[in-house]
Amino acid sequence: MPPEHTDILIILPAYNEGTVIAKVVRQVQSAGYRHICVVNDGSKDDTFQRAKSTGAVVLSHPINRGAGAAVQTGLTYAKNNNFQYAATMDSDGQHLVGDVAALFGAMEHSAADIVVGNRFILQENNIPAQRIVYNKIANLLTNLFCHHTYQDTQSGFRLFNRNAIEKLAIKNRGYGFCSEMFFLAEQAGLVVTEAPIKVIYTEYSISKGQSLSVGIKTARSLLWRIIFE
């Protein structure tokens with residue numbers, strides 16, 4: 001059975017998402033989720049004010065610390081407030097809140113601690129070519145240091161159970177956390193699986209996130225730490 005909506009915290013890491021954050025929060029609210037945490041990662045626009053106007057919990061970093069730091073702030077909030085589940089979604093509107101139920105179904109079926117939304121299973125997803133190339137490179141580098149093989153290591157749509165919420169401690173502040181989380185999960189004995197999700201890419205959402213060049217630099221930096229630290 002899917003968990004009660006009150007057992008799940010929806011985490012929305014946000015950096016300069018003032019034009020869309022209120023709409024995204026309201027979509028989540030319309031789906032029946034009462035507990036929403038927007039992590040305002042040092043935005044320079046009106047992200048804080050617009051998120052706050054929706055009634056969501058808004059946690060703010062005084063400076064831009066990075067996507068990984070924002071996710072960890074959200075997971076820490078979930079841990080301290082005894083949520084049984086937490087789901088991270090991108091704040092640019094590309095994810096559909098209805099897929100939270102699909103992730104939970106996969107978690108229940110596989111007894112996984114973490115379920116990652118896989119954008120590449122459904123043929124209907126019109127994913128930009130640059131994102132496909134970057135994801136293949138990131139998958140290759142990530143899987144090189146994992147015991148298992150994962151297909152969408154850079155997806156920001158993830159569901160965590162209480163065990164994962166308590167054990168994960170993300171160290172990478174930037175986008176490298178996407179790959180790091182797989183390493184940390186395996187080291188902690190957590191089970192990770194993937195489930196298909198739909199994504200909606202708009203001109204706005206394509207402009208957000210990592211470019212190919214930034215992604216390669218992020219991967220290189222992460223691998224350096226894994227090997228030499």
Side-chain angles (χ1 to χ4, degrees), residues 1-40 47 50-51 54-58 67 70-71 74-75 78 83-110 112 114-132 134-135 150-161 164 175 177-178 181 192-210:
M1 291 290 292
E4 295 293 329
H5 283 52
T6 53
D7 291 335
I8 303 177
L9 176 69
I10 305 295
I11 301 169
L12 298 170
Y15 177 63
N16 292 342
E17 302 282 10
T19 59
V20 297
I21 190 63
K23 179 181 178 181
V24 172
V25 171
R26 291 194 176 102
Q27 287 174 342
V28 175
Q29 291 171 331
S30 295
Y33 294 96
R34 292 172 48 193
H35 300 289
I36 303 166
C37 177
V38 176
V39 183
N40 173 38
T47 295
R50 289 185 178 272
T54 66
V57 171
V58 183
V71 168
L75 290 175
F83 284 98
Q84 297 306 302
Y85 303 93
T88 58
M89 297 175 57
D90 288 358
S91 294
D92 57 16
Q94 70 173 274
H95 294 147
L96 302 179
V97 67
D99 281 335
V100 172
L103 296 190
F104 185 80
M107 177 175 284
E108 188 176 47
H109 178 74
S110 63
I114 303 172
V115 181
V116 178
N118 188 324
R119 297 163 290 176
F120 298 94
I121 295 176
L122 298 178
Q123 297 292 324
E124 62 198 79
N125 287 332
N126 186 20
I127 302 173
Q130 186 180 50
R131 297 288 176 93
I132 295 174
Y134 166 64
N135 203 76
Y150 305 102
Q151 296 180 337
D152 194 354
T153 61
Q154 305 309 295
S155 173
F157 201 165
R158 305 181 180 200
L159 176 67
F160 308 85
N161 68 9
Y175 283 110
F177 90 92
C178 291
M181 190 177 289
V192 183
T193 192
E194 296 174 274
I197 59 169
K198 296 179 182 179
V199 284
I200 301 174
Y201 283 104
T202 62
E203 186 175 333
Y204 175 80
S205 66
I206 291 173
S207 71
K208 307 292 287 188
Q210 300 187 72

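Numbering of residues begins at 1 and proceeds along the displayed sequence.
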Check: Between V116, T88, N135, N118, which is the residue that forms a side chain to side chain contact (heavy atoms under 4.5 Å, CB included) with S155?
Finding: V116
Margin query: Taking the side chain as everything from C-beta on, heavy atoms only, tell me whether N161 gets closer than 4.5 Å to Q84.
Written below: no
Notebook entry, point to check: Is it true that a side-chain atom of Q29 and a backbone atom of T54 form a donor plus acceptor pair closer than 3.5 Å?
Noted result: yes
Notebook entry, point to check: Just wondering, do F104 and V115 contact through their side chains at under 4.5 Å, heavy atoms?
Noted result: no
Notebook entry, point to check: Rounded to the nearest 0.5 Å, what separation is found between the CE atom of M181 and the CG atom of L75?
Noted result: 6.0 Å
Check: Ignoring hydrogens and geometry, is there a side-chain-to-backbone donor-acceptor pair from R50 to I21 under 3.5 Å?
Finding: no
Notebook entry, point to check: How close do Y85 and M107 get, heavy atom to heavy atom, and via which atoms?
Noted result: CE2-SD, 3.8 Å
Note to self: Do H95 and F157 make a side-chain contact, defined as non-hydrogen atoms from C-beta onward lying under 4.5 Å apart?
What the structure shows: yes
Margin query: Checking H35 against I8 for the side chain to side chain contact (heavy atoms under 4.5 Å, CB included) test, could you report, in this order, the C-alpha distance in whole Å, the side-chain angles of both residues, the deciding distance, and whether it holds?
Written below: CA-CA 7 Å; H35 300 289; I8 303 177; over 6 Å; no
Checklist line | Gap between atom CD1 of I10 and atom CZ of F83 - 0.5 Å precision | finding: 10.0 Å
Margin query: Can you tell me how far apart CZ (R34) and CG (D7) are? Round to the nearest 0.5 Å.
Written below: 10.5 Å
Margin query: I need the minimum non-hydrogen distance between V100 and L159, along with the two atoms involved.
Written below: O-CD2, 4.5 Å
Note to self: I need the minimum non-hydrogen distance between Y175 and Q154, along with the two atoms involved.
What the structure shows: O-OE1, 4.3 Å
Notebook entry, point to check: Under 3.5 Å, is there a donor-acceptor pair between the side chain of Q151 and the main chain of F120?
Noted result: no
Next item on the list: Work out which heavy atom in S91 is nearest to a heavy atom in V24; give both atom names and the distance.
Entry: O-CG2, 3.6 Å
Notebook entry, point to check: Would a 4.5 Å heavy-atom cut-off, applied to side chains only, mark M89 and D99 as touching?
Noted result: no
Checklist line | Y33 OH to Q27 CD distance, which is reported to the nearest 0.5 Å | finding: 13.5 Å
Checklist line | Smallest separation among heavy atoms of R131 and Y201, with atom names | finding: NH1-CE2, 3.3 Å
Margin query: Other residues, nucleotides and ligands only: do more than 12 of their heavy atoms fall within 6.0 Å of CD on E124?
Written below: yes
Checklist line | Those residues that, when tested against R158, pass salt bridge (Lys or Arg N to Asp or Glu O under 4.0 Å) (two or more places apart) | finding: none
Next item on the list: Could you check if a side-chain atom of T47 sits within less than 4.5 angstrom of a side-chain atom of Y15, using non-hydrogen atoms only?
Entry: no
Next item on the list: Calculate, to the nearest 0.5 Å, the distance between atoms CG and CD1 belonging to L103 and I197 respectively.
Entry: 7.0 Å
Margin query: Let me confirm one number: the CG-CZ distance from D152 to R119, rounded to the nearest 0.5 Å.
Written below: 4.0 Å
Notebook entry, point to check: Would a distance-only check, ignoring hydrogens and angles, find a side-chain to backbone donor-acceptor pair under 3.5 Å from D90 to D92?
Noted result: no
Note to self: Ignoring hydrogens, what is the shortest heavy-atom contact between A195 and A102? Give both atom names and the distance.
What the structure shows: CB-O, 4.4 Å
